[in-house]
Amino acid sequence: MINAPRTSVVLFTRDLRVHDNPALHHATQEGQVVPLFVLDPKILKGSYNRPNRAKFLAESLADLAAALEKRGAGLVVRRGEVAAEVAELVQTVKASAVHMAGDASGFSHRREDALREALDELDCELHVHDDSLFVVPPGQITAVGKTHMSVFSPYHRKWEKEPRRTPLSPPRKLALPAGIETGKVPTANEISSGETAPHMSAGGETAGRKLFRTWLEQRAEGYADDHDDMAGDRTSRISPYLHFGCLSPLEVVTKAWDMAPAFTRQMAWRDFHAQVLAANPKSTQVDLRPRNDRWRRGKDAEREFKAWKEGRTGWPLVDACMRQLVDEGWMHNRGRLVVGHFLCKTLYLDWRWGAQFFVDHLIDGDTANNTMNWQWVAGTGTDSRFNRILSVSSQAERYDPNGDFVRRYVPELSDVPGAKVHAPWKLPTDVRKQLNYPEPIVDVREGNERFLAARGKR
Ligand SMILES: Cc1cc2nc3c(=O)[nH]c(=O)nc-3n(C[C@H](O)[C@H](O)[C@H](O)COP(=O)(O)OP(=O)(O)OC[C@H]3O[C@@H](n4cnc5c(N)ncnc54)[C@H](O)[C@@H]3O)c2cc1C
């Protein structure tokens with residue numbers, strides 16, 4: 001008697017690639033593979049489903065489907081509750097295993113539990129690959145008696161020493177079992193409707209690999225010196241591709257390891273935040289280290305928040321960064337730090353307000369990285385110097401010394417030369433009047449003192 005080939009379902013979540021994809025690779029080793037993506041109504045209705053990410057997701061799914069088709073199989077797309085959809089497909093194709101990537105959020109853990117329960121009943125194995133979305137997965141590096149580490153530097157020292165596996169090659173050939181309907185890859189509008197950023201990057205593994213290759217060849221070596229040069233725009237910009245798993249973090253780190261240690265250190269922050277979130281799932285909303293903050297509320301607070309969102313605070317560097325966010329669905333890391341400190345410390349507004357606005361626009365908007373960075377900025381997270389304030393003027397002087405970054409995003413100020421662009425209120429009154437640019441909404445020094453007083457520092 002000839003044994004029927006073993007069939008596995010590969011459930012894609014945010015690992016939308018064929019290169020170095022442990023779930024796809026291991027399932028392929030075992031026999032026939034059914035690649036599946038489920039549009040989950042819980043995600044579709046949630047606060048993370050926003051037009052920019054929907055567009056990037058749709059493009060990434062189309063690219064993945066094409067890569068799978070090229071290898072002989074399509075991407076099966078279903079819409080519905082994940083455990084139920086997977087269970088139904090498992091029964092249809094008589095699969096004996098499901099492979100998927102392990103993730104860090106409370107939502108992903110609940111999804112995994114529900115799936116395990118449904119598959120147990122069908123006597124089908126669930127293989128969760130924790131090395132897909134992270135270089136070092138949550139739970140692998142721990143402090144004594146803890147499930148994670150809460151200070152970055154010692155975490156990073158251990159992270160660097162962890163053994164790393166070799167990136168996996170993509171499967172050469174795939175074949176769907178006969179009679180499987182693949183379904184249609186959704187368009188962006190079928191995921192979320194609304195306007196997208198005019199200048200956002202294109203989604204997908206093909207675009208991500210090309211971007212990373214070019215950056216590696218042309219910019220990786222200078223990263224340590226120039227990653228904070230805002231006008232130079234020399235960081236990799238791969239964060240959206242990492243968020244959707246179009247790029248493998250392990251492959252990225254492996255390729256950059258010798259050339260750009262400062263870059264791989266940033267990649268360690270990504271794993272660090274994931275393991276803090278995995279150990280503290282409620283920290284998406286709740287302060288990790290409460291500081292008894294009484295964030296400002298009321299009309300003035302709302303007016304200032306509106307100005308911040310619109311890039312009309314009268315502080316050019318803040319406004320340039322906020323306009324970059326809306327224009328590109330992305331913001332430079334230095335910019336995120338500047339506008340975050342300005343919101344939480346200078347204006348003393350709740351980090352959750354800022355985090356949600358970022359999620360509304362960022363293509364890389366990510367539960368772990370967004371929340372944990374916002375908590376870090378607000379001083380309620382893992383920053384041990386939790387009352388530190390990045391002053392907008394000194395940040396402008398250091399990281400946009402000639403004002404080129406501001407002029408690129410704030411056209412009202414495009415004729416103001418050099419560093420003068422950072423302080424338009426110092427220009428002669430008649431010049432100022434013609435600019436149509438707002439007066440500062442806050443005296444930064446007073447704002448920062450208010451924050452320190454609230455934290456009991458003065
Ligand atoms: C308030 C705030 C909110 C943020 N929200 C997000 C978010 O939602 N999603 C997100 O991916 N990053 C977030 N970051 C981190 C960081 O700003 C972006 O990852 C980075 O700007 C992406 O650009 P890049 O790919 O060119 O980075 P590069 O400088 O080229 O770095 C390479 C990669 O390292 C990782 N990385 C870099 N810095 C950090 C960091 N501080 N924390 C975690 N990972 C990091 C990213 O995956 C990044 O793609 C946030 C930072 C702040 C201060």
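One-based numbering, in listed order, for ligands and for the atoms of each.
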If we number the atoms of ligand 1 from 1 as shown, the ones under 4.0 Å from a heavy atom of Ser239 are 11 (O), 22 (C), 23 (O), 25 (O), 49 (O)
| message | Less than 3.5 Å apart, any donor N or O on the side chain of Arg334 or Gln395 sitting next to an acceptor on the other? | response | yes
Judging by distance only, is a nitrogen or oxygen of Ile238 under 3.5 angstrom from one on ligand 1? yes
Quick note on ligand 1: atoms under 4.0 Å from a heavy atom of Met331 include exactly 21 (O)
So the atoms of ligand 1 within less than 4.0 Å of a heavy atom of Trp374 turn out to be 1 (C), 3 (C)
Task: Heavy-atom donor-acceptor pair, Asn448 side chain to Glu446 backbone, under 3.5 Å - done: no
In this structure, atom 28 (P) of ligand 1 is nearest to the protein heavy atom Tyr223 OH, 3.6 Å
Look only at interatomic distance and state if Thr235 has a nitrogen or oxygen under 3.5 Å from any nitrogen or oxygen of ligand 1.
-> yes
If you scan protein heavy atoms around atom 24 (P) of ligand 1, the nearest is Arg237 N, 3.5 Å
- Message: For the residue pair Ser132 / Arg17, report whether a side-chain donor-acceptor contact shorter than 3.5 Å exists.
- Response: yes
Checking ring-ring contact (aromatic ring centres under 6.0 Å, His included) for the pair His99/His26: CA distance, chi angles, key distance, verdict? CA-CA 8 Å; His99 291 258; His26 290 293; 7.1 Å; no
Looking only at protein heavy atoms, what sits closest to atom 52 (C) of ligand 1 is Asn373 CB, 3.3 Å
Among Val253, Leu247, Asn369, the residue with a heavy atom nearest to atom 11 (O) of ligand 1 is Asn369
Pair Asp364-Ser239, side-chain donor/acceptor within less than 3.5 Å | yes
Residue, atom and distance of the protein heavy atom nearest atom 35 (C) of ligand 1 read Gln266 O, 3.5 Å
Note: ligand 1 atoms sitting under 4.0 Å from heavy atoms of His273 are 42 (N), 43 (C)
When distances are taken from atom 13 (C) of ligand 1, the protein heavy atom at minimum range is Arg336 NH1, 3.3 Å
Check your understanding: Is NZ or CZ of Arg164 both nearer than 6.0 Å to the six-membered ring centre of Trp257 and within 45° of the ring axis?
Key -> yes
Original post:
With distance as the sole criterion, is a donor-acceptor pair present between the side chains of Asp360 and Gln356 under 3.5 Å?
Top reply: yes
Counting heavy atoms not belonging to Glu190, are there more than 12 under 6.0 Å from its CD? yes
Within 4.0 Å of some non-hydrogen atom of Met267, the atoms of ligand 1 are 33 (C), 34 (O)
Can a side-chain donor-acceptor contact be found between Asp366 and His243 if the only test is distance below 3.5 angstrom? yes
of all protein heavy atoms, closest to atom 16 (C) of ligand 1 is Asn333 OD1, 3.3 Å
For Leu242, the ligand 1 atoms with a heavy-atom partner under 4.0 Å come out as 47 (O), 49 (O)
among protein heavy atoms, the one nearest atom 7 (C) of ligand 1 is Asp364 OD1, 3.3 Å
Residue pairs meeting ring pair (Phe, Tyr, Trp, His ring centres under 6.0 Å), one or both in residues 377-406, sequence neighbours left out, come to Phe405-Tyr409
closest protein heavy atom to atom 32 (C) of ligand 1 is Phe263 CE1, 3.3 Å
Just checking, Arg237 and Trp215: is the charged tip under 6.0 Å from the six-membered ring centre and within 45° of the axis? no
The atoms of ligand 1 lying under 4.0 Å from a heavy atom of Arg270, numbered in the order shown, are 43 (C), 44 (N), 47 (O)
